[in-house]
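Reviewing the structure listed below.
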There are 2 protein chains.
Amino acid sequence: MPVELRPTQALRLWHDVTLDLVRDGEHDLSARQMAVLLTVYLEMPPHTVRGLAAKLGVTKPAITRALDTMGRLGLVSRHRDAKDRRNVVIQRTVAGALAVERLGDLVIARHRELPF
Amino acid sequence: MPVELRPTQALRLWHDVTLDLVRDGEHDLSARQMAVLLTVYLEMPPHTVRGLAAKLGVTKPAITRALDTMGRLGLVSRHRDAKDRRNVVIQRTVAGALAVERLGDLVIARHRELPF
DNA sequence: CTTAAATAGAACGGGTCCGAAACGATCGCG
DNA sequence: CGCGATCGTTTCGGACCCGTTCTATTTAAG
């Protein structure tokens, strides 16, 4: 367990990682899309549109649109639930797992470089 | 200086804070706007449009538009440089400082709650 | 004084995202 | 079967952001 972060360090960490994301420009994900991506890859499946909408506190169409974009980027995929065909299950992809992994590396690297 | 973060912890931290930002919905800043905000509040003044554009690796109009929006939200303010009247200096505001401070608290809180 | 360079911003066309409302498909239940 | 509830998506009008290009202002150099 890390020790307590000081305010300057916390903000410097957020700044550095955000700057890396902007500069690489590869993803260009909005905050909502980032929240969806990480929720899908960190929390227990299954993930549905409704569940994500509730978790993020946004409307369902917002989730649908986020999934459209992220699907286009290959970060997630959608499949009808065979048990209840009204539901759509969001699944992980190789590209998505790689993107998440890279983000993790970024955070770790910037965290390691924090000044005393 | 904190100890090394593990991948799971790094991603959990990013996820939790992002989710907080989405849920509060107060800011709704894009990644670029967030990068501008933190750069202005963490790095040494003065900050110009051109300097920020170079630092973030984006075009000048993108910075101008980001400043438009953030000015509307009261997070930053713009003033002509008296020395060289071609330049515009970006300055901090009380509201901006408060928003940055709240973000810092958020990161610290989520960091403190990280599981072992 | 004239001219070239530098700076921020405006205009434009194209794209994305927003919430509200409506829609179609599917399920559960009587 | 029939009918209301649930789920995801689509549509709509409006707002915002993108990069490119152009403009206005100001400075610096010859």
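A, B, ... follow the sequence lines: proteins, then strands. Residue 1 opens every chain. All values below were derived from every heavy atom in this structure, side-chain atoms included, with hydrogens, water molecules and symmetry-related copies excluded.
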Keeping to residues at least two apart or across chains, list the salt bridge (Lys or Arg N to Asp or Glu O under 4.0 Å) pairs with something in residues 29-42 of chain B.
none

The criterion is salt bridge (charged side-chain N to carboxylate O under 4.0 Å, His left out); which residues satisfy it with Arg85(B), sequence neighbours excluded?
none

Taking only residues two or more places apart in sequence or in another chain, which ones pass side chain to side chain contact (heavy atoms under 4.5 Å, CB included) with Leu106(B)?
Val17(B), Asp20(B), Leu21(B)

For residues 65-74 of chain A, dump all side-chain donor-acceptor pairs below 3.5 Å to protein atoms at least two apart in sequence or in another chain.
{"unit_1": "Asp68(A)", "atom_1": "OD1", "unit_2": "Arg78(A)", "atom_2": "NH2", "d": "2.4"}
{"unit_1": "Thr69(A)", "atom_1": "OG1", "unit_2": "Arg65(A)", "atom_2": "O", "d": "3.3"}

Applying side chain to side chain contact (heavy atoms under 4.5 Å, CB included) to Ser77(B) and not counting sequence neighbours gives His79(B), Gln91(B), Thr93(B)

What residues, two or more places apart in sequence or in another chain, satisfy side chain to side chain contact (heavy atoms under 4.5 Å, CB included) together with Ala10(A)?
Leu5(A), Val107(B), Ile108(B)

Going by atom type alone, with no hydrogens or angles, which donor-acceptor pairs under 3.5 Å involve a side-chain atom of residues 96-103 of chain B and a protein atom two or more places apart or on another chain?
{"unit_1": "Arg102(B)", "atom_1": "NH1", "unit_2": "Glu26(B)", "atom_2": "OE1", "d": "3.4"}
{"unit_1": "Arg102(B)", "atom_1": "NH1", "unit_2": "Glu26(B)", "atom_2": "OE2", "d": "3.1"}

Polar pairs (N or O, both sides) under 3.5 Å between protein and nucleotides 12-17 of chain C?
{"unit_1": "dC17(C)", "atom_1": "OP1", "unit_2": "Gln33(A)", "atom_2": "NE2", "d": "3.0"}
{"unit_1": "dC17(C)", "atom_1": "OP1", "unit_2": "Thr69(A)", "atom_2": "OG1", "d": "3.2"}
{"unit_1": "dC17(C)", "atom_1": "OP2", "unit_2": "Thr69(A)", "atom_2": "OG1", "d": "3.0"}

Atom pairs under 3.5 Å: protein N/O with N/O of nucleotides 26-30 of chain C:
{"unit_1": "dC27(C)", "atom_1": "OP1", "unit_2": "Arg85(A)", "atom_2": "N", "d": "3.1"}
{"unit_1": "dC27(C)", "atom_1": "O4'", "unit_2": "Arg86(A)", "atom_2": "NE", "d": "3.4"}

Starting at CG of Asp68(A) and ending at P of dT11(D), how long is that distance when rounded to a whole Å?
12 Å

Please enumerate all residues that pass salt bridge (charged side-chain N to carboxylate O under 4.0 Å, His left out) together with Asp81(A), with sequence neighbours excluded.
none

Specify the residues of residues 34-60 of chain B, ordered by number, for which at least one heavy atom lies under 4.0 angstrom from an atom of DNA chain C.
Thr48(B), Val49(B), Arg50(B), Lys60(B)

What residue pairs, at least two apart or across chains, pass salt bridge (Lys or Arg N to Asp or Glu O under 4.0 Å) with a residue in residues 34-44 of chain B?
Arg12(A)-Glu43(B), Glu43(B)-Lys55(B)

